[in-house]
Amino acid sequence: MKTHSRSRAVRTPGGLSVRLDPRALTVVVLLLVAACAAGIALIGTGDAKIPAADVLRTLAGNGSAYQDFIVNELRLPRVLVGLLVGAALGLGGALFQSISRNPLGSPDVLGLSQGSTAGALTVIVLLSGSASQVTVGALAGGLATGLAVYLLAWKQGVHGYRMVLVGIGVNAVMTAVNGYLLTKADLVDAARAVVWMTGSLNGRDWDQVWPLLALCAVLVPLVLVNARGLRMMEMGDDISHALGVRVQWVRLLLMVSAVLLTAAATAAAGPVSFVALTAPQLARRLTRSPGPNLVPSLCMGAALLVAADWASQRAFGADQLPVGVVTGVLGGAYLLWLLVTERRAGRI
């Protein structure tokens with residue numbers, strides 16, 4: 001479908017020019033509303049059901065002591081972790097897909113999620129580490145895997161097609177490593193590892209919220225500041241160089257940011273699959289806008305994950321599924337559809 005740009009340039013009093021796309025802005029607002037609505041519905045869901053009006057009243061500080069405990073201590077941290085994890089995965093996926101110029105260039109395909117899982121499993125199986133140590137292990141594993149993909153894909157620069165192929169190979173290796181680690185674990189550690197590997201928001205509290213919030217508060221503005229360079233890079237390295245973009249520096253900076261976002265999300269909720277792959281694609285289809293669509297992808301990821309968590313608790317009766325199972329089923333179906341579409345278009 002052929003689209004026409006309807007973006008408008010807005011100048012601030014300081015002389016800064018910002019270009020806005022009315023359709024993309026509308027999509028962002030609607031996604032934020034959807035994410036907040038799903039979050040409120042999720043807070044009210046559970047054995048002790050709380051109406052949406054009471055949830056809002058409690059969040060405003062006017063609820064009863066019982067409602068305050070249920071909402072603010074038990075359920076709000078879970079919802080905030082879901083929003084932050086979804087946002088981090090959506091933004092990380094958009095960065096990888098834009099850098100690789102490939103709709104399959106997501107952390108799930110490039111091996112970063114499996115690398116973070118390998119780091120966490122190493123701590124669980126070999127060190128019997130605590131929850132905080134598992135988080136550190138997941139971050140270290142994700143960073144090490146991202147560095148390995150970057151170095152192995154380097155040949156006078158990093159190019160998208162090569163990076164995707166290297167990432168697929170690294171993903172296979174990390175999957176084998178994770179399988180080996182599970183075979184070395186005793187029954188208790190293996191059960192704990194399998195639960196973590198599924199991807200779940202169960203039991204999440206404020207200890208997971210604050211580190212993830214701090215990381216997003218640093219990385220999201222950093223990424224958005226470099227969004228202009230990223231968009232130019234989609235036209236090719238030579239044109240970007242001619243326009244004054246430090247291509248390799250911007251690419252490295254954004255890749256490190258994407259790896260950190262993905263690793264932190266995995267550390268907080270486990271390897272929740274396919275959100276990073278589907279969120280940027282769905283956001284782009286809604287905005288019909290060229291370019292990386294970073295903010296819409298971020299909002300789409302947050303809305304998708306919280307909605308999936310709500311579905312995991314309500315759509316299967318008494319059998320509550322981990323959110324990673326729901327995203328895996330939906331994302332797998334979307335991946336098959338995407339592959340068929342790309343093949344018919346002659347792009348793969």
If I compare all heavy atoms of [X] with all of [Y], which pair ends up nearest, and what's the gap?
X	Y	answer
Val123	Gly137	CG2-CA, 3.8 Å
Ala94	Pro280	N-CG, 3.3 Å
Val323	Ser200	CG1-CA, 4.0 Å
Gly82	Leu305	O-CD2, 3.3 Å
Leu143	Leu260	CD2-CD2, 3.5 Å
Leu31	Cys299	CB-CB, 3.8 Å

One pair to check against side-chain contact (heavy atoms from CB on, under 4.5 Å): Val79 and Asp309. What are the steps and the verdict? CA-CA 9 Å; Val79 171; Asp309 194 32; over 6 Å; no
Between [X] and [Y], is there a donor-acceptor pair closer than 3.5 Å when you use the side chain of the first and the backbone of the second?
X	Y	result
Arg204	Asn202	yes
Thr327	Ser273	yes
Thr183	Tyr180	yes
Asn171	Leu110	no
Asn178	Met174	yes
Arg75	Leu42	no
Asp108	Phe274	yes
Gln114	Ala172	no

Shared hydrophobic cluster, [X] / [Y] (ILVMFWY, side-chain heavy atoms < 4.5 Å):
X	Y	result
Val177	Val109	yes
Leu222	Phe96	yes
Leu147	Val136	no
Val194	Leu181	yes
Leu215	Val225	no

Nearest 0.5 Å, please: how far is [atom2] in [Y] from [atom1] in [X]?
X	Y	atom1	atom2	value
Lys49	Ile43	NZ	CD1	15.5 Å
Leu219	Leu91	CG	CG	8.5 Å
Thr122	Lys184	OG1	NZ	13.0 Å
Gln281	Ser297	CD	OG	8.5 Å
Thr117	Ile124	OG1	CD1	9.5 Å
Leu294	Leu95	CG	CG	5.5 Å

Taking 4.0 angstrom as the limit, do Asp205 and Arg78 come out as a salt bridge?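 Answer for the salt bridge query: no.
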Indicate yes or no: at least one non-hydrogen side-chain atom of [X] is less than 4.5 angstrom from one of [Y].
X	Y	value
Leu213	Leu84	yes
Val209	Leu76	no
Val85	Leu89	yes
Val325	Thr198	yes
Arg285	Met300	no
Met197	Leu182	yes
Leu212	Leu80	no

Applying side-chain contact (heavy atoms from CB on, under 4.5 Å) to Tyr150 and Val256, what does each step give before you reach the verdict? CA-CA 10 Å; Tyr150 188 85; Val256 170; over 6 Å; no
Under the side-chain contact (heavy atoms from CB on, under 4.5 Å) rule, what do Leu282 and Leu304 come out as? Steps first, then yes or no, please. CA-CA 10 Å; Leu282 294 175; Leu304 275 179; 4.0 Å; yes
side-chain contact (heavy atoms from CB on, under 4.5 Å) between Val275 and Val272, worked out: CA-CA 7 Å; Val275 174; Val272 180; 4.0 Å; yes
Look at atom CH2 of Trp210 and say whether more than 12 heavy atoms of other residues, nucleotides or ligands are closer to it than 6.0 Å.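 Counting other residues, nucleotides and ligands, CH2 of Trp210 stays at 12 neighbours or fewer.
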For atom CG of Leu187, decide whether the heavy atoms of other residues, nucleotides or ligands shown that lie under 6.0 angstrom number more than 12.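 At most 12 heavy atoms, drawn from other residues, nucleotides or ligands, come within 6.0 Å of this atom.
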